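Within every chain, numbering begins at 1; the chains are lettered A, B, ... in the order of the sequence lines, protein sequences first and strands thereafter. Bear in mind the structure is a predicted one, so any value in this text is a computation, not a measurement.
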Protein chains: 2
Amino acid sequence: MAAGARRGPYICGIDAGMDVVTGKWKSLILWELTNYGTRRFGELRRGLPGVSEKMLVQHLREMEEDGLVHREIYREVPPRVEYSLTPDGASLNEALSALGTWGQQRVKRLAAEGALVEAPPPGLRTGGAGGAA
Amino acid sequence: MAAGARRGPYICGIDAGMDVVTGKWKSLILWELTNYGTRRFGELRRGLPGVSEKMLVQHLREMEEDGLVHREIYREVPPRVEYSLTPDGASLNEALSALGTWGQQRVKRLAAEGALVEAPPPGLRTGGAGGAA
DNA sequence: TTCGGTACTTACCTTCAGGTAAGGGTGGAG
DNA sequence: CTCCACCCTTACCTGAAGGTAAGTACCGAA
């Protein structure tokens, strides 16, 4: 997808929207930037546990190219780069919020069913509920 | 993704929602079933130009497993199978409609910019505009 | 008897998104 | 003089998503 054969003829709007969010970390990057407004490269890296530097740079570049994020470079002694959402990125995030709500409800539903199916052991611990939204 | 390590611990709702729509043809299948209500296997195949039978079956099975589509089998002389959206599938499609709108606006924006950048030849034909929405 | 249409299944192969690991240029700390 | 943190870049590799193609079981039409 990375600046290759992307932006092919889209069948419908969802198709076009998906193209821009497709990528393991893109929705999470969007999430981070929405919550914090502005984040440095290192902050994003630490905020997305498991992401590799290469993928983070790659996704950020693609999203910048797609007009979703703004990249501000401060030529200081230790170089500083700040990422933030453009208006397009912010509106995309709003468009995704409905999907986020749907996903949360789905997680709830799965948890409820799972609790019935998996026969919950008495002393089970909640672990990481994950619902960071 | 196919019934493997999916449904991992989600970071946020968007994450959980994306998991279910990830797949080259899933959003298009959703689109088809939303527009037509009920479609047979062959109709879907013909409605999604370029899809292979294997991928169509695979995606339909995953979406059925995810509770998005309903599969009705009619044991007739030439076997007939009809696919339709479940309530969950329909609500997912509604949740995606915002993304679809965003995508359409993006396509429009790109077309407008592209028209400026690419110096449109006088006799260009519209070809397939693609905006089937 | 072969062809075509229904809805798949199976095996094999290609492609590419994503992961791993190392380097690079700068300056400050130890 | 070495190490570290910053923000990347580059090269290489793996695994899974997706594509290709053939086979299955049934029946009607030609």
Side-chain angles (χ1 to χ4, degrees), chain A residues 1-8 11 15 18-29 32-33 36 38-66 69-84, chain B residues 1-8 11 15 18-29 32-33 36 38-66 69-84:
Chain A
M1 166 203 298
R6 314 174 68 188
R7 305 186 223 313
I11 309 290
D15 199 14
M18 286 296 300
D19 186 22
V20 139
V21 224
T22 296
K24 190 169 178 182
W25 307 96
K26 289 202 181 163
S27 57
L28 284 317
I29 293 175
E32 280 276 311
L33 292 181
Y36 294 90
T38 290
R39 295 229 96 181
R40 301 183 52 177
F41 182 84
E43 289 174 335
L44 282 172
R45 179 159 47 86
R46 284 185 291 271
L48 306 176
V51 72
S52 66
E53 295 192 341
K54 175 195 146 195
M55 287 315 299
L56 185 52
V57 176
Q58 187 175 310
H59 280 165
L60 284 170
R61 288 288 141 82
E62 287 177 14
M63 293 171 79
E64 187 190 0
E65 200 179 315
D66 288 338
V69 312
H70 173 68
R71 185 154 167 264
E72 189 75 41
I73 309 170
Y74 297 89
R75 283 241 149 270
E76 300 175 351
V77 176
R80 186 157 62 98
V81 183
E82 286 187 349
Y83 295 90
S84 55
Chain B
M1 167 207 298
R6 316 173 67 189
R7 305 183 223 314
I11 309 291
D15 200 12
M18 287 295 299
D19 186 21
V20 138
V21 223
T22 297
K24 190 170 181 183
W25 306 95
K26 288 204 184 164
S27 57
L28 284 317
I29 293 175
E32 280 276 312
L33 291 181
Y36 294 89
T38 290
R39 294 228 97 181
R40 302 183 53 174
F41 182 85
E43 290 174 336
L44 282 172
R45 179 160 46 87
R46 284 185 290 269
L48 306 175
V51 73
S52 65
E53 297 192 341
K54 174 194 146 195
M55 288 313 300
L56 184 54
V57 176
Q58 187 176 309
H59 281 165
L60 284 170
R61 287 290 141 81
E62 287 176 17
M63 293 172 79
E64 187 189 1
E65 200 180 315
D66 287 340
V69 311
H70 174 68
R71 187 154 165 265
E72 190 75 39
I73 308 170
Y74 296 89
R75 281 241 149 270
E76 298 175 354
V77 176
R80 186 158 64 98
V81 182
E82 287 188 349
Y83 295 91
S84 55

*Asks:* Do any side-chain nitrogens or oxygens of A:R71 fall under 4.0 Å of OP1 or OP2 in D:dC8?
*Replies:*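 Yes, A:R71 has a side-chain N/O under 4.0 Å of OP1/OP2 on D:dC8.
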
*Asks:* D:dA25 C1' sits how many Å from B:E76 CD, rounded?
*Replies:* 16 Å

*Asks:* In whole angstrom, give the distance that lies between atom CD1 of B:I73 and atom P of C:dC8.
*Replies:*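 Atom CD1 in B:I73 sits about 7 Å away from atom P in C:dC8.
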
*Asks:* In residues 41-55 of chain B, what residues come within less than 4.0 Å of DNA chain C, judged by heavy atoms?
*Replies:* B:F41, B:G42, B:R46, B:E53, B:K54

*Asks:* How close do B:L33 and B:S84 get, counting heavy atoms only, and between which atoms?
*Replies:* CD1-C, 4.2 Å

*Asks:* What contact category does B:R75 fall into here, base, sugar-phosphate, or nothing, at under 4.0 angstrom with non-hydrogen atoms?
*Replies:*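 Here B:R75 touches no strand at all.
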
*Asks:* Just jot down the side-chain hydrogen bond (donor to acceptor under 3.5 Å, both in side chains) partners of B:H59, sequence neighbours excluded, or say none.
*Replies:*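 For B:H59 there are no side-chain hydrogen bond (donor to acceptor under 3.5 Å, both in side chains) partners, ignoring immediate neighbours.
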
*Asks:* If you compare all heavy atoms of B:V57 against all heavy atoms of B:F41, which two are closest, and at what distance to 0.1 Å?
*Replies:* CG2-CE1, 3.4 Å

*Asks:* Reckon B:Y83 touches a base, only the sugar-phosphate, or nothing at all at heavy-atom distances under 4.0 Å?
*Replies:*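 If one applies the 4.0 Å heavy-atom cut-off, B:Y83 turns out to touch the sugar-phosphate alone, with no base involved.
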
*Asks:* For residues 73-83 of chain A, pull every pair meeting salt bridge (charged side-chain N to carboxylate O under 4.0 Å, His left out), keeping only residues two or more places apart or in separate chains.
*Replies:*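 Listed once each, the pairs are A:E76-A:R80, A:R80-A:E82.
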
*Asks:* To the nearest angstrom, how far is A:L56 atom CG from C:dG19 atom C1'?
*Replies:*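 Taking atom C1' of C:dG19 as the reference, CG of A:L56 is at 14 Å.
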
*Asks:* Atom OH of B:Y74 to atom C1' of D:dC27: distance rounded to whole Å?
*Replies:* 21 Å

*Asks:* Rounded to whole angstrom units, what separation is found between the CD atom of A:E82 and the C1' atom of D:dC8?
*Replies:*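 Taking CD of A:E82 and C1' of D:dC8, I get 17 Å after rounding.
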
*Asks:* At a cut-off of 3.5 Å, list every protein nitrogen or oxygen paired with a nitrogen or oxygen from nucleotides 26-28 of chain C, distance to 0.1 Å.
*Replies:*
none

*Asks:* Please report, rounded to the nearest Å, how far the C1' atom of D:dG19 is from the NZ atom of B:K24.
*Replies:* 8 Å

*Asks:* Does a side-chain N or O of B:R61 approach OP1 or OP2 of C:dT9 to a distance below 4.0 Å, or not?
*Replies:*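 Looking at the OP1 and OP2 atoms of C:dT9, one of them is under 4.0 Å from a side-chain N or O of B:R61.
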
*Asks:* Taking only the side-chain nitrogens and oxygens of A:R80, find out if one of them lies under 4.0 Å from OP1 or OP2 of D:dC7.
*Replies:* no

*Asks:* Provide, to the nearest angstrom, the distance between the CD atom belonging to B:Q58 and the P atom belonging to D:dT20.
*Replies:*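 After rounding, the reported distance stands at 14 Å.
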
*Asks:* Hey, what do you get for CG (A:D66) to CZ (A:R61), rounding to the nearest 0.5 Å?
*Replies:*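 Interatomic distance, A:D66 CG to A:R61 CZ, rounded to 0.5 Å: 13.5 Å.
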
*Asks:* Using side-chain hydrogen bond (donor to acceptor under 3.5 Å, both in side chains) as the criterion, point out the one residue from A:R39, A:E32, A:E64, A:R71 that pairs with A:Y83.
*Replies:* A:R71

*Asks:* Roughly, in whole Å, what's the span from NE2 in A:H59 to P in D:dT9?
*Replies:*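 Taking atom P of D:dT9 as the reference, NE2 of A:H59 is at 15 Å.
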
*Asks:* I'd like to check the side chain to side chain contact (heavy atoms under 4.5 Å, CB included) partners of B:R46; sequence neighbours left out, ordered by chain and number.
*Replies:* B:E43

*Asks:* Is B:Y36 atom OH crowded by more than 12 heavy atoms from other residues, nucleotides or ligands, each under 6.0 Å away?
*Replies:* no

*Asks:* Identify, with sequence neighbours excluded, every residue that meets salt bridge (charged side-chain N to carboxylate O under 4.0 Å, His left out) alongside B:R40.
*Replies:* none

